[in-house]
There are 2 protein chains.
Amino acid sequence: MRRDSRLSGVLHVLLHMTEQPGPITSDALARAMNTNPVVVRRIMGGLRDRGLVHSEKGHGGGWMLACDLAAVTLRDVYDALGEPALLAMGNRTEAPDCLVEQTVNAALGETFDEAEALLLRRFEQISLAALCEVFHARLAERGGSLALETTHAA
Amino acid sequence: MRRDSRLSGVLHVLLHMTEQPGPITSDALARAMNTNPVVVRRIMGGLRDRGLVHSEKGHGGGWMLACDLAAVTLRDVYDALGEPALLAMGNRTEAPDCLVEQTVNAALGETFDEAEALLLRRFEQISLAALCEVFHARLAERGGSLALETTHAA
DNA sequence: CACTCTCGTAACATATAGCGTTGCATGAGA
DNA sequence: TCTCATGCAACGCTATATGTTACGAGAGTG
């Protein structure tokens, strides 16, 4: 299967939203990500249910941030996506009768658990506010516009 | 995508081979793994090309170990499988123009790289001989047979 | 009220990758 | 010559991320 890029995608969207005061429509976000509005709504749905963002229908509607950027980490966003699989590999069988396979599972499982724990720990260490800061540092360093419409030409 | 279990599977096979003096057929290995002989040959092909195992056709043929168990690590086996993807997630775009996405990619990419490096490092730290040792320790502790035919009832 | 905008959601299509299965060719031993 | 076993191509199946279309519901505008 293709590699899951939902976390990457939703963070892209969230970071753009921090740079824009008003609500942004799924359509505008979809254009920025070269994808479809429905895909945007799909990945944003989980974040809405968790109260990270808020959506409004009708004229002037769209998506708005609804959380404290300093208090929300990538882990929260990851959870809001439904905690998709982190590793592409896994043990063949969960609870095998075979002692040989139990040995293999134990060794591999420990390694896999370590890697997953590392990822989640790193996610918890990065807040949306921190991402914003890094972005602004890059912006100041390299110059350029911060508007969604400019960075993503229509 | 389904979670890749080739590493888990091939290690199971290799460990069984260390416990058996003569060659083992793909058919016997497939029965032990509740799968198809062709699947066994497929994942073993890479290991054969690297000289980790040797295959013989005809009567009395099958698979044999062809390496120093203490010198071969899980990393070697992983490489022999063709270095399949370790992580189920990735960045949406490799080299985006958007400064926002560059920021997201940098943060996530660093985390992903760390996790991949951890996995490979752990793989390098575990030799086939070490797995064998753990297996024999478990065997002595819990008792039981070590024959493929017994642990995997036909 | 009619119209337009936007989200919410179902339904279906597409692409990829692991896995299973069949068939046949090839080489080795009985 | 027959049987056993690998080598390999060619399918089909399944799961999942992603793309697309269609329609309904709510919210603002004229």
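Residue numbers begin at 1 in each chain, while the letters A, B, ... track the order of the sequences. The figures here come from the full heavy-atom set of this structure, side chains too, leaving out hydrogens, waters and symmetry mates.
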Which nucleotide in [options] has an atom nearest any side-chain atom of [X]:
X       : options               : value
A:His59 : D:dT18, D:dG28, D:dT6 : D:dG28
A:Thr35 : C:dC19, D:dG19, D:dT3 : D:dG19
B:Val38 : C:dT22, C:dC19, C:dT6 : C:dT22
A:Ser26 : D:dA17, C:dC7, C:dT21 : C:dC7

B:Ser55 side-chain N/O to D:dT6 phosphate OP1/OP2 under 4.0 Å: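 The answer is no; no side-chain N or O of B:Ser55 sits under 4.0 Å from OP1 or OP2.
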Phosphate OP1/OP2 of D:dT6 contacted by B:Arg41 side-chain N/O (<4.0 Å):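 B:Arg41 to D:dT6 OP1/OP2: side-chain N or O found under 4.0 Å.
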Whole Å only: how far is the [atom1] atom of [X] from the [atom2] atom of [N]?
X       : N      : atom1 : atom2 : result
B:Ile43 : C:dA17 : CD1   : C1'   : 16 Å
B:Asn36 : D:dG7  : CG    : P     : 15 Å
B:Leu29 : D:dG7  : CG    : C1'   : 16 Å
B:Glu83 : C:dG18 : CD    : P     : 14 Å
A:Asn34 : D:dA17 : CG    : P     : 21 Å
A:Asp4  : D:dG19 : CG    : C1'   : 15 Å
A:Arg48 : C:dG8  : CZ    : C1'   : 7 Å
B:Met44 : D:dA5  : CE    : P     : 15 Å

Check: B:Ser26/B:Trp63 side-chain N/O donor and acceptor closer than 3.5 Å: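 Their side chains do contain a donor-acceptor pair, which is all the 3.5 Å distance test asks for.
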Donor + acceptor pair across side chains of B:His12, A:Gln102 (<3.5 Å):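 No donor-acceptor contact under 3.5 Å links the two side chains.
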B:Leu69 and B:Leu65: CA distance, side-chain angles, deciding distance, side-chain contact (heavy atoms from CB on, under 4.5 Å) verdict: CA-CA 9 Å; B:Leu69 294 182; B:Leu65 288 169; 4.1 Å; yes
Whether B:Phe112 and A:Phe123 hold their rings parallel, tilted or perpendicular, with breakpoints at 30° and 60°: perpendicular
Rounded distance [0.5 Å steps], CG in A:Asp79 versus CZ in A:Arg75: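 If we round to the nearest 0.5 Å, A:Asp79:CG and A:Arg75:CZ are 4.5 Å apart.
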By the 4.0 Å heavy-atom rule, please label [X] as base, sugar-phosphate, or nothing.
X       : answer
B:Gly45 : nothing
A:Arg6  : sugar-phosphate
B:Gly60 : nothing

Comparing A:Gly58 and A:Ser5 on DNA chain D - which has the more 5′ nearest nucleotide: A:Ser5
